[in-house]
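Here's the structure we're looking at; comments come further down.
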Amino acid sequence: MSCRPLERAFYIRPTAEVARALLGKILVHGAAQARIVETEAYLGLADAAAHAYGGRTPRTEVLFGPPGHAYVYLIYGIYECLNIVAEPEGQAGCVLIRAVEPVKGIESMRRRRPGIDRLERLANGPGKLTLAMGITRRHNGADLTRGPLAVCGGCDPTFEIGVSRRIGITKNPDALLRFYIAGSPFVSR
DNA sequence: CAATAGATCATCT
DNA sequence: GATGATCTATTGC
């Protein structure tokens, strides 16, 4: 299983395409490794559900920056969500990582999520995977093509990709921008 | 199993 | 001052 980070060019594409392509890839943070099984695409100015919808602000600055970087923000005052910036620099767009399947460093993940017994529930949600992987706002703006936090190519077995509406949003809810590995028990509900 | 409550704060109006 | 890309625990059937 190769573990070389995906290069920048991978992310310089339409956001929805990147969201699909990220399925099956490996998210790496130090010793922890996990397979991406669920993503959502958030477009720029054309998508009312996206943070970038309102244009450039101090917070959304990263979204308009170079692709392949992390956008991490606090949601509901408690949890943090990991996104990966897509599209060419200057154009907003990002992919929310919604669920991952623990692959390596599972003991360290369990330690960060006390009380969770079932492996499938360790990281099957946006807030859960950041906890399990030890990702925080410190990583906001981090370059994922190099460094301790990165996305690597997996061995890409074939799988079916499911498509649906996005979860937990109230604006622009009908867009089919959620992608997941069909049948995976690690997908959120 | 389904529905609901509560936790808690950075960001923007 | 309101809002939100969530999660867990608890209640009720």
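Every chain is numbered from 1 and lettered A, B, ... according to where its sequence line falls, protein lines coming before strand lines.
Checking dC12(B), dT6(C), dC9(B) against the side-chain heavy atoms of Pro126(A) singles out dT6(C) as nearest.
For the pair Tyr53(A) OH and dT13(B) P, the computed distance is 12 Å after rounding to whole Å. Atom CG of Leu131(A) is separated from atom C1' of dA7(B) by 14 Å (rounded to the nearest Å). Look at OH on Tyr71(A): it is 14 Å from P on dA10(B), rounded to the nearest Å. Between Leu74(A) atom CG and dC12(B) atom P there is a gap of 13 Å when expressed in whole angstrom units. Atom CZ in Arg189(A) sits about 11 Å away from atom C1' in dC1(B), given to the nearest Å. Distance Lys128(A) NZ to dA5(C) P: 18 Å, rounded to the nearest Å. Atom CG in Leu63(A) sits about 11 Å away from atom P in dC12(B), given to the nearest Å. To the nearest angstrom, C1' of dA5(C) lies 12 Å from CZ of Arg178(A).
Closest approach of Cys81(A) and Ile75(A) over heavy atoms only: SG-CG2, 3.8 Å. Minimum interatomic distance between Ala48(A) and Lys171(A) (heavy atoms only, all atoms of both residues): O-CD, 3.5 Å. Of all non-hydrogen atoms in Leu82(A) and Ala70(A), the two that sit nearest each other are CD1-CB, 4.0 Å. Contact record, Lys104(A) with Met109(A): O-CE, 3.2 Å, taken as the closest heavy-atom pair.
Residue Arg113(A) is in sugar-phosphate contact alone, with no base atom involved, counting any heavy-atom pair closer than 4.0 Å across all strands shown. When heavy atoms are screened at a 4.0 angstrom cut-off, Arg166(A) is found touching no nucleic acid atom at all. Within 4.0 Å (heavy atoms only), Arg137(A) reaches sugar-phosphate atoms of the nucleic acid but no base atom.
Distances shown here put a side-chain N or O of Arg98(A) below 4.0 Å from the OP1 or OP2 atom of dT6(C).
Relative to the six-membered ring of Tyr11(A), Arg8(A) misses at least one condition, a distance below 6.0 Å or an angle of at most 45° to the axis.
Side-chain N/O atoms of Ser184(A) and Glu101(A) include no donor and acceptor closer than 3.5 Å. No donor-acceptor contact under 3.5 angstrom links the side chains of Thr136(A) and Glu80(A), judged on distance only.
The structure places CG of Leu43(A) at 7.0 Å from CD of Glu87(A), a figure rounded to the nearest 0.5 Å.
Look at the C1' atom in both dT8(C) and dA10(B): the space between them is 22 Å, to the nearest Å.
Of the residues in residues 75-97 of chain A, Tyr76(A), Gly77(A), Ile78(A) come within less than 4.0 Å of DNA chain B through at least one heavy atom, sorted by number.
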Which dot-bracket string fits DNA chain B when only Watson-Crick or G-U wobble pairs with both atom distances under 3.5 Å count, crossing pairs get [ ], and | stands for a partner on a different strand? |||||||.||||.
Trace of the side chain to side chain contact (heavy atoms under 4.5 Å, CB included) decision for Tyr180(A) with Val37(A): CA-CA 6 Å; Tyr180(A) 56 94; Val37(A) 300; over 6 Å; no
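Checked against Glu40(A) for a salt bridge (Lys or Arg N to Asp or Glu O under 4.0 Å), the options Arg98(A), Arg166(A), Arg20(A) give a single hit: Arg98(A).
Between Lys171(A) and Ile116(A), the residue anchored closer to the 5' end of DNA chain C is Lys171(A), taking for each the nucleotide with the nearest heavy atom.
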